[in-house]
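Remarks on the structure that follows.
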Amino acid sequence: MQHAAVLSSRACYKPFVSRPAPRSAFQLHGVRCFASSKPVKHHFSICTNKTCKKQGCQQVIQFAKDLALEEIEIETCGCLGICGNGPNMVVDPPGTQLSHVSSPAKFVEVLDLMCNIQVPANFLKATELRLQGNAEARGGDLKAAEGVYSQALDLDIPQGKHLLHANRAGVRLTLGDAAGALEDAQAAVKLAPPGFTTAYIRQFEALCALKRRQEASSALGMLAAEDRAFAKSKEYKLLLRQLQSL
């Protein structure tokens, strides 16, 4: 197993421990991660323990999944050691542990340097704008967040637009633009992969805000059919009460 660290804005790999890595699988801190039998496939195991979460692993994982690349597989795992230097991950082949892969931009560098995969610049830019919009929304500047999400959507990226539409729908709804929120929510529902319940929730909330009860009821039914586990959750019951109060 080779260990390396991404230490700067330009990925810099400095192996500090080196030992042979099996071709078909590797064992690390009790987590067994299997590489694909296809030589073109790169398997990423990304730590999601507490420290790596604080250092940004979730946004890297989301970005990696949004890429929807056939050449890579993404899996979360437990602690990989060297905590505090995260987010940490292992890529196999070649069986190398990486540290400080803390942003989508750094993950793009890893793909380029280790997997010979190039990510379109507009996709990376749209992701960075989405994260900026999320930060603006958390900070309370909803108009700024709406503008940033709109900039990202103008880039017309091939994947991940459902996230932008869902986020802008939430912002627009809070700003009182229920019609605009519904337009975004419907776009998110159309583009969303299976299991992305946020799009359906935004659609339901926008229809409730517009007092369109029958359509809201249908949207809630679509949500229950899309995710049966969610239909048993407390959040779903709250949505049901919201519908009954219309």
Interatomic distance, CG@Leu239 vs CD@Gln242, rounded to 0.5 Å, equals 6.0 Å
Heavy-atom check, side chain of Leu243 versus side chain of Phe204, under 4.5 Å = yes
*Give a yes or no on whether the backbone of Cys52 and the side-chain of Asn49 come within a donor-acceptor separation of less than 3.5 Å.*
no
Residues Leu210 and Ala179: closest non-hydrogen pair is CD2-N, 4.2 Å
Looking only at heavy atoms, the pair that brings Ala206 and Leu173 closest together is CA-CD1, 3.9 Å
Handout entry: Test item: Asn167 and Arg130 side chains (from C-beta on) under 4.5 Å apart, heavy atoms
Key = yes
Side-chain contact test, heavy atoms from C-beta onward, threshold under 4.5 Å: evaluate it for Thr198 versus Leu163 and give yes or no.
no
Taken to the nearest 0.5 Å, the spacing of Cys47 SG from Leu98 CG works out to 13.0 Å
Val189 reachable from Leu164 in the ILVMFWY side-chain graph, under 4.5 Å edges: no
Practice prompt. Take Lys143 and Glu146 through the salt bridge (charged side-chain N to carboxylate O under 4.0 Å, His left out) test and state the conclusion after the steps.
Written response: CA-CA 5 Å; Lys143 289 299 293 184; Glu146 182 185 20; 3.3 Å; yes
### Query
Would a hydrophobic clustering, with Ile, Leu, Val, Met, Phe, Trp and Tyr connected at side-chain separations under 4.5 Å, put Val119 with Met89?
yes
Looking at Glu183, I'd like to know if its CD atom is crowded, meaning that more than 12 non-hydrogen atoms belonging to other residues, nucleotides or ligands lie closer than 6.0 Å. no
Heavy atoms of other groups near Gln118 CD, more than 12 under 6.0 Å: yes
(message) Donor-acceptor check, side chain of Gln97 to backbone of Leu80, threshold 3.5 angstrom: yes or no?
(response) yes
(Q) Taking the basic N atoms (NZ, or NE/NH1/NH2) and the acidic carboxylate oxygens, is any pair closer than 4.0 Å for Glu205 and Arg202? (A) yes
Review point. Does the side chain of Met114 reach to within under 4.5 Å of the side chain of Pro94, using non-hydrogen atoms?
Key: yes
Rounded to the nearest 0.5 Å, the CG atom of Leu142 sits from the CG atom of Leu175 at a distance of 5.0 Å
*Flag, side chain of Thr174 to backbone of Gly170, donor-acceptor distance under 3.5 Å*: yes
Relative to the ring of Phe123, is the ring of Phe63 parallel (under 30°), tilted (30 to 60°) or perpendicular (over 60°)?
tilted
Check your understanding: Are side-chain heavy atoms of Thr48 and Ile61 found at a separation under 4.5 Å?
Key -> yes
| request: Using distance alone, with no hydrogens and no angle criterion, decide if Tyr149 and Asp154 have a side-chain donor and acceptor under 3.5 Å apart. | output: no
- prompt: So, does His42 use its side chain to make a donor-acceptor pair with the main chain of Pro93 at under 3.5 Å?
  reply: yes
inquiry  = With a 4.5 Å cut-off on side-chain heavy atoms, are His165 and His162 touching?
reply    = no
Assert yes or no for the condition that the ring centre distance of Phe230 to Tyr200 is strictly below 6.0 Å. no
If we ignore hydrogens and angles and just use 3.5 Å, is the side chain of Glu73 paired with the main-chain N or O of Phe44 as donor and acceptor?
no
Rounded to the nearest 0.5 angstrom, the CG-CD distance for Leu131 and Gln62 is 9.5 Å
### Message
Quick check: is Ile201 connected to Val171 through a chain of hydrophobic side chains (ILVMFWY, heavy atoms under 4.5 Å apart)?
### Response
no
Query raised in the report: Does the pair Lys106 and Val110 meet the rule for a side chain to side chain contact (heavy atoms under 4.5 Å, CB included), with working shown?
Result: CA-CA 6 Å; Lys106 288 190 175 181; Val110 170; 5.8 Å; no
Between Ala209 and Ala178, the two heavy atoms sitting closest are CB-CB, 3.8 Å
Backbone of Gln214 reached by a side-chain donor or acceptor of Ser218 within 3.5 Å: yes
Nearest heavy-atom approach of Gln203 to Gln186 is OE1-CG, 3.5 Å
ask   = Under a 4.5 Å side-chain heavy-atom rule over Ile, Leu, Val, Met, Phe, Trp and Tyr, are Leu220 and Leu207 clustered together?
value = no
- Look at the side chain of Gln59 and the backbone N and O of Ser102, then say whether any donor-acceptor pair between them is shorter than 3.5 Å. yes
When rounded to the nearest 0.5 Å, the distance separating SG of Cys115 from CD of Glu71 is 9.5 Å
- Does the side chain of Leu182 reach to within under 4.5 Å of the side chain of Arg212, using non-hydrogen atoms? yes
Residues Asp184 and Arg172 bridged, charged N to O under 4.0 Å = yes
Could you check whether Ser99 and Asn88, counting side-chain N and O atoms only, form a donor-acceptor pair closer than 3.5 Å? yes
All heavy atoms of Lys232 vs all of Lys237, minimum pair found to be O-CE, 4.4 Å
### Query
Would Leu129 and Leu155 satisfy side chain to side chain contact (heavy atoms under 4.5 Å, CB included), going step by step from the backbone distance to the final call?
CA-CA 10 Å; Leu129 286 170; Leu155 295 173; 4.1 Å; yes
Under 4.5 Å between any side-chain heavy atoms of Ile46 and Cys77, yes or no?
no
In terms of heavy-atom contacts, Leu191 and Lys161 come closest through CD1-CB, 3.9 Å
Check your understanding: Using a distance-only test with no angle check, is there a side-chain donor-acceptor pair under 3.5 angstrom linking Asp66 and Gln159?
Key -> no
The reported gap from CG in Leu246 to SG in Cys208 (rounded to nearest 0.5 angstrom) is 4.5 Å
